**Student:** 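First the structure, then my questions, so here it is.
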Amino acid sequence: MSDSLAIVDARTASGDPVALRALDGVIVEMDPQVVARPGDDVVDAHGDVLVAGLVNGHTHAAMTLFRGYGSDLPLMQWLEEKIWPAEANLTDDAVYWGTRLACVEMIRSGTTNFWDMYWHPVAVARAVRDAGMRATIGPPVIDGMDPSRVASTARATTEFLDAIAEFAPTVSASLAPHGIYTVSDATLAWIAEESARRNIPVQLHYLEAASEIDGCVQRYGEQPGALLERVGLWSSRLVLSHGVWMDDAELELAAVHGATVVTNPVSNLKLAVGGVFPYREARARGVAVGIGTDGASSNNSLDLLADVKVLALLQKHTTNDPAALPAPEAWAVVTGALAPALQGRSSATPPGAGLQIGDAADLILVRHDAPELAPGHTIDNLVYAAHGSVVRTTVIAGEVVMREGVVDDEAEVRAKVVECARQLGVV
């Protein structure tokens, strides 16, 4: 490994020549005249297009183990009859290799940073480190809606958080209550306090299904947004996954408190949750929005270039407006520019701003000769025509993790996952 990287003979999305140097994982020079220095790891782009890496704001990486298992079922039936029983048999080894396979897939398709909520989180952290990726990891919290389990849940969760912290700086910890229908209000209140105390984010499945609203009203006599306010969860540290059934009042709460919403359009379509995230209404209020794939068992791909097209087309279709989510804005969503919390930033990046000096060296080189990108209009075609195969090189924290389309150990990782899936009885 080298502490410095030079990428030469690249092009911007608009076709202008560009080169850069990164030192200790940060871009320090960016200009067409940049030249490599002794000791640099040099990547000759040969005219490939240099763009920011993609950010997967919500997934369950190790669920590559269950890709294709339990397909074509409604959300709760899929969870209760297939996924949760299979997950009861997970081991550290299975989660490690399942996460490694997810990392291979994401690296190959241009994702450099992802947010994960899954069991055996230390195995997840180890896999992320070994793959060379960047991730925010949350050990799932489920207390069965039993307030008496707050203390035991808190002890187990804090042990995991402390263990994940050992994998810094490219791996960071978050709190991850599964949902308002699996976690009691007492535990949610503890999570809010712990998030503030540690200054770490909270990932929460939120209003993926309409039944969450009715269930919340029946249990607590209040709407989900009011529940989050009562337990103290609303803050700029809160990352809500899905948000399909957020109404105007919910979106206003997210905007006022600076929360982030991560939409998962392909997973939502496959599980037929019955609605589409109200993107235009969210952005009109200034809500930070990202995109996620969800797990490979409900997508079934981790290719964000495929998913961002679905996001854009869904918004156009549901609003009857072809300009509802234009390509440059969709690209800003998939690169995390409109959801600064997903990248540890304090403010959003304007659409079209691109990579800048001082940014983390998390970037990809897109094949200049990819037929999907011809004859030009690169960002439009990345959004509407491309898929992960257009990515030739992936760089994370200044390290080349895929060079010329090759990810080290890919064959071994795939073989290990097949073996683990057989042991779990899901293939």
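For the numbers below, each heavy atom of this structure counts, side chains included, while hydrogens, waters and symmetry mates do not. None of these values were measured; they are calculated from a predicted model.
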**Student:** Please list every donor-acceptor pair under 3.5 Å in which a side-chain atom of residues 119-128 meets a protein atom from a residue at least two apart or in another chain.
**Tutor:**
residue	atom	partner	partner atom	Å
Trp119	NE1	Glu87	OE1	3.2
His120	ND1	Asp92	OD1	2.5
His120	NE2	Leu90	O	3.3

**Student:** With a 4.5 Å heavy-atom cut-off, do Ile291 and Leu304 have their side chains touching?
**Tutor:** yes

**Student:** Please check: side-chain N/O of Glu212 versus main-chain N/O of Ala209, any donor-acceptor pairing under 3.5 Å?
**Tutor:** yes

**Student:** Between side-chain atoms of residues 411-427 and protein atoms elsewhere (two or more places apart, or another chain), which donor-acceptor pairs fall under 3.5 Å?
**Tutor:**
none

**Student:** Please determine which of Thr112, Thr170, Val395, Thr335 meets the side chain to side chain contact (heavy atoms under 4.5 Å, CB included) test together with Asp362.
**Tutor:** Thr112

**Student:** Does Leu204 reach the side chain of Val239, with side-chain heavy atoms less than 4.5 Å apart?
**Tutor:** no

**Student:** Who are the side-chain hydrogen bond (donor to acceptor under 3.5 Å, both in side chains) partners of Thr378, not counting sequence neighbours?
**Tutor:**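 side-chain hydrogen bond (donor to acceptor under 3.5 Å, both in side chains) list for Thr378, sorted by chain: empty.
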
**Student:** Has Asn199 got a side-chain atom pairing as donor or acceptor with Ala196's backbone, closer than 3.5 angstrom?
**Tutor:** no

**Student:** Between Leu188 and Pro177, what is the shortest heavy-atom contact and its length?
**Tutor:** CD2-CB, 3.8 Å

**Student:** Between OG1 of Thr158 and CG of Asp162, what distance do you get to the nearest 0.5 Å?
**Tutor:**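 Nearest 0.5 Å value for the OG1-CG distance: 6.0 Å.
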
**Student:** Which distance, rounded to the nearest 0.5 Å, do you find between the CD1 of Ile137 and the CD1 of Ile164?
**Tutor:** 5.5 Å

**Student:** Hey, mind stepping through Leu238 and Leu228 against side chain to side chain contact (heavy atoms under 4.5 Å, CB included) and telling me if it holds?
**Tutor:** CA-CA 10 Å; Leu238 182 62; Leu228 297 193; 4.1 Å; yes

**Student:** Pick out which of Thr393, Asp41, Thr394 makes a side chain to side chain donor-acceptor pair (under 3.5 Å) with Arg403.
**Tutor:** Asp41

**Student:** Are side-chain heavy atoms of Thr293 and Asn264 found at a separation under 4.5 Å?
**Tutor:**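 No, every pair of side-chain atoms sits at 4.5 Å or beyond.
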
**Student:** Leu338 versus Glu329: any side-chain heavy-atom pair under 4.5 Å?
**Tutor:** yes

**Student:** Report yes if some heavy atom in the side chain of Ile83 is under 4.5 Å from a heavy atom in the side chain of Met63; otherwise report no.
**Tutor:** yes

**Student:** Tell me whether the NZ or CZ atom of Lys82 lies within the 45° cone about the ring axis of Tyr69 and under 6.0 Å from its centre.
**Tutor:**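 Because its charged atom sits under 6.0 Å from the ring centre and within 45° of the axis, Lys82 does stack over Tyr69.
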
**Student:** Would one find more than 12 heavy atoms of other residues, nucleotides or ligands at under 6.0 Å from atom CZ of Arg237?
**Tutor:** yes

**Student:** For a 4.5 angstrom cut-off between non-hydrogen side-chain atoms, does Glu372 reach Tyr384?
**Tutor:**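 Sidechains of Tyr384 and Glu372: no contact.
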
**Student:** Out of curiosity, Ser241 OG to Glu208 CD, how far, rounded to the nearest 0.5 Å?
**Tutor:** 9.0 Å

**Student:** Is a donor on one side and an acceptor on the other found under 3.5 Å between the side chain of Asn381 and the backbone of Gly376?
**Tutor:**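 Yes; judged by distance alone, with no hydrogens or angles, the pair exists.
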
**Student:** Does a salt bridge link Arg197 with Glu194, judged by any charged N lying under 4.0 Å from a carboxylate O?
**Tutor:**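 Result for this pair is yes, salt bridge flagged.
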
**Student:** In plain terms, say whether Glu410 and Arg100 are close enough for a salt bridge, that is, a side-chain N and a carboxylate O under 4.0 Å apart.
**Tutor:**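 Answer for the salt bridge query: no.
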
**Student:** Could you label the plane-to-plane angle of the Tyr118 and His60 rings as parallel, tilted or perpendicular, counting under 30° as parallel and over 60° as perpendicular?
**Tutor:** tilted

**Student:** Has the side chain of Ser152 got a donor or acceptor atom that lies under 3.5 Å from a matching backbone atom of Arg149?
**Tutor:**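 A pair under 3.5 Å: yes.
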
**Student:** Can you establish whether the number of heavy atoms outside His377 located under 6.0 Å from its atom NE2 is more than 12?
**Tutor:**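 Open: at most 12 neighbouring heavy atoms sit under 6.0 Å from NE2 of His377.
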
**Student:** Pairs of donor and acceptor atoms involving the side chains of residues 19-27, under 3.5 Å and at least two apart or interchain, shall be tabulated with distances.
**Tutor:**
residue	atom	partner	partner atom	Å
Arg21	NE	Asp40	OD2	2.9
Arg21	NH1	Glu29	OE2	3.3
Arg21	NH2	Asp40	OD1	2.9

**Student:** Measure the shortest side-chain to side-chain distance between Met117 and Pro139 over non-hydrogen atoms and say whether it is less than 4.5 angstrom.
**Tutor:** no

**Student:** For Phe160, give me all partners under ring pair (Phe, Tyr, Trp, His ring centres under 6.0 Å), at least two apart in sequence or on another chain.
**Tutor:** none

**Student:** Could you give the distance from CZ (Arg67) to CG (Leu302), rounded to the nearest 0.5 Å?
**Tutor:**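 Here the rounded value is 6.0 Å.
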
**Student:** Is the side chain of Glu281 donor-acceptor paired with the backbone N or O of Leu251 at a distance under 3.5 Å, no angle test?
**Tutor:**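 Looks like no, no N/O pair under 3.5 Å.
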
**Student:** Report the distance from atom OG of Ser195 to atom CH2 of Trp190, rounding to the nearest 0.5 Å.
**Tutor:** 10.0 Å

**Student:** Would Met402 and Ile396 count as a side chain to side chain contact (heavy atoms under 4.5 Å, CB included) here? Give the steps.
**Tutor:** CA-CA 9 Å; Met402 181 173 74; Ile396 302 173; over 6 Å; no

**Student:** Name all residues meeting the side-chain hydrogen bond (donor to acceptor under 3.5 Å, both in side chains) criterion together with Asp48; count only those two or more places apart in sequence or in a different chain, and write none if there are none.
**Tutor:** His368, Arg392

**Student:** Look up atom CG in Leu175 and atom CD in Glu193, then write down how far apart they are to the nearest 0.5 Å.
**Tutor:** 11.5 Å

**Student:** Check whether any side-chain heavy atom of Ile191 sits under 4.5 Å from a side-chain heavy atom of Leu233, and report yes or no.
**Tutor:** yes

**Student:** Would you say Lys270's side chain and Asn299's backbone share a donor-acceptor pair under 3.5 angstrom?
**Tutor:**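 Such a contact is absent between Lys270 side chain and Asn299 backbone.
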
